[in-house]
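Beneath this line is the structure, given in structure tokens, with notes to follow.
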Amino acid sequence: MSGPVAEVDFDAFVGEHRDKAISLAWRLLGGDRAAAEDVAQESFVRANRGLGSFRGEAKLSTWFYRIVVNEAHRYRRRSWFEGLLGGDVTEDLAAPECEGPDVLLRGRIAQALLALPRGQREAFVLVHLEGFTVREAAAISGRAEGTLKSHLHRALRALRERLADLDPSHADQASRGAHQAQGTPHSVRETSGS
Amino acid sequence: MSEQEHDPSNERDAAFVERVSRGYGPPARSDAERAAFDARLRERLEQHSSAGSWVGRLVPALVVAAVASMLFLVRSEPTAPTEPAPAVVASTQTTKLVLPSSPAEALMALADDDSEGIAESLPDDYAAIESLLLGS
């Protein structure tokens, strides 16, 4: 497919992709709402500039979400350097609006994701959290499908180690083991994270 | 998500992913928040278009970088002063270096650079043979 793309209604484009762009950036940036909006806005600005030269080699949405992923990475790298120059180097998660187990769980998942290498984090977020197909995620992240599947497998394994209490089979085994040690009847209990 | 293209290897994976997805998602956005986002985006687009192209922003930055490099090279020529170089602005305790705030100022500073201060600071033995080197 080549040649100029038909004129795009940019307002409609924003309306169609706004929520998903913010959600994707939010998940890539550890739940920082302000950062996610900043990244989404910058992505739309870049898309607005680049639409004129977009030749339709890929789906417009794939092209746009690749901008979002790259912009999120750029934001994290910039924050890291700024931290070296004088701020706190640790990841600055958004302050929770209220305390509670949900916010704490969100923080744990965010930290676990941010601890993953970039490729694994992006693969997991794109496929498992944002619902892109493996083919779409591979195109967005600029990787081969085989590589993406490998990243997915490793990400899942690493996250299950860090978030073992969210793994239903792990909770079940732990409970069974504890009851066997105590000599009490086994019963399955649901855990909702620490 | 298509089950044909994305199929967790087993139910355990699916259950774990479901828990992570439920526990880690952005808060829902209201129509007012969406409108506010769109308004900020419009402002940003207007700022970008009024500031000119990225080339227009890059050129002055390159000029300043080039001039700063030239100033650094000029001031790093080896000297062995016996008295303070007059080009340096000295305060009671520290030495102040005044940086140009614009390309035009940087160019003017280069033009105003007093290189005679270097010759005045030559040690006596070099000054003594200066006339021989100049062939007088």
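All values below were derived from every heavy atom in this structure, side-chain atoms included, with hydrogens, water molecules and symmetry-related copies excluded. Because the structure is a prediction, the values reported are computed rather than measured. Here is the naming used below: chain letters follow the sequence lines, and residue numbers restart at 1 for every chain.
To the nearest 0.5 Å, the span separating CZ on Phe44(A) from CG on Leu45(B) amounts to 10.0 Å. Here the CG atom belonging to Leu41(B) is positioned 8.0 Å from the CG atom belonging to Asn48(A), to the nearest 0.5 angstrom. Note that the OG atom of Ser21(B) and the CD atom of Glu130(A) stand 8.5 Å from one another [nearest 0.5 Å]. Taken from CZ in Phe16(B) to CG in Leu159(A), the straight-line distance is 5.5 Å, to the nearest 0.5 Å. Note that the CD atom of Glu43(B) and the CD atom of Gln41(A) stand 9.0 Å from one another [nearest 0.5 Å].
For Arg42(B), no part lies under 4.5 angstrom from a heavy atom of chain A. At a 4.5 Å heavy-atom cutoff, Arg22(B) makes no contact with chain A through either its backbone or its side chain. The contact between Val14(A) and chain B is made entirely by side chain atoms (from C-beta outward), counting heavy-atom distances below 4.5 Å. Contact annotation for Ala40(A): both backbone and side-chain heavy atoms come within less than 4.5 Å of a heavy atom of chain B. In this structure, chain B has a heavy atom under 4.5 Å from the side chain of Ile22(A), while its backbone stays farther away.
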Tell me, with the steps shown, if Arg12(B) and Arg160(A) meet side chain to side chain contact (heavy atoms under 4.5 Å, CB included). CA-CA 11 Å; Arg12(B) 205 178 64 174; Arg160(A) 286 170 73 170; 2.3 Å; yes
Applying salt bridge (Lys or Arg N to Asp or Glu O under 4.0 Å) to Arg44(B) and Asp38(A), what does each step give before you reach the verdict? CA-CA 11 Å; Arg44(B) 213 158 174 165; Asp38(A) 194 37; 2.8 Å; yes
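In this structure, Tyr24(B) contributes its side chain and Ala110(A) its backbone to no donor-acceptor pair below 3.5 Å. For Glu37(A) (side chain) and Phe37(B) (main-chain N/O), no donor-acceptor pair under 3.5 Å exists by modelled atom type.
Ion pairing between a basic and an acidic side chain is recognised when a charged N comes within 4.0 Å of a carboxylate O; Asp165(A) and Arg19(B) show no such pairing. Taking the charged nitrogens against the carboxylate oxygens, Arg18(A) and Glu33(B) have no contact shorter than 4.0 Å, which rules out a salt bridge.
Around the CZ atom of Arg154(A), the shell of radius 6.0 Å holds no more than 12 heavy atoms that belong to other residues, nucleotides or ligands.
Side-chain contact between Leu156(A) and Val17(B) is present, with at least one heavy-atom pair separated by less than 4.5 Å.
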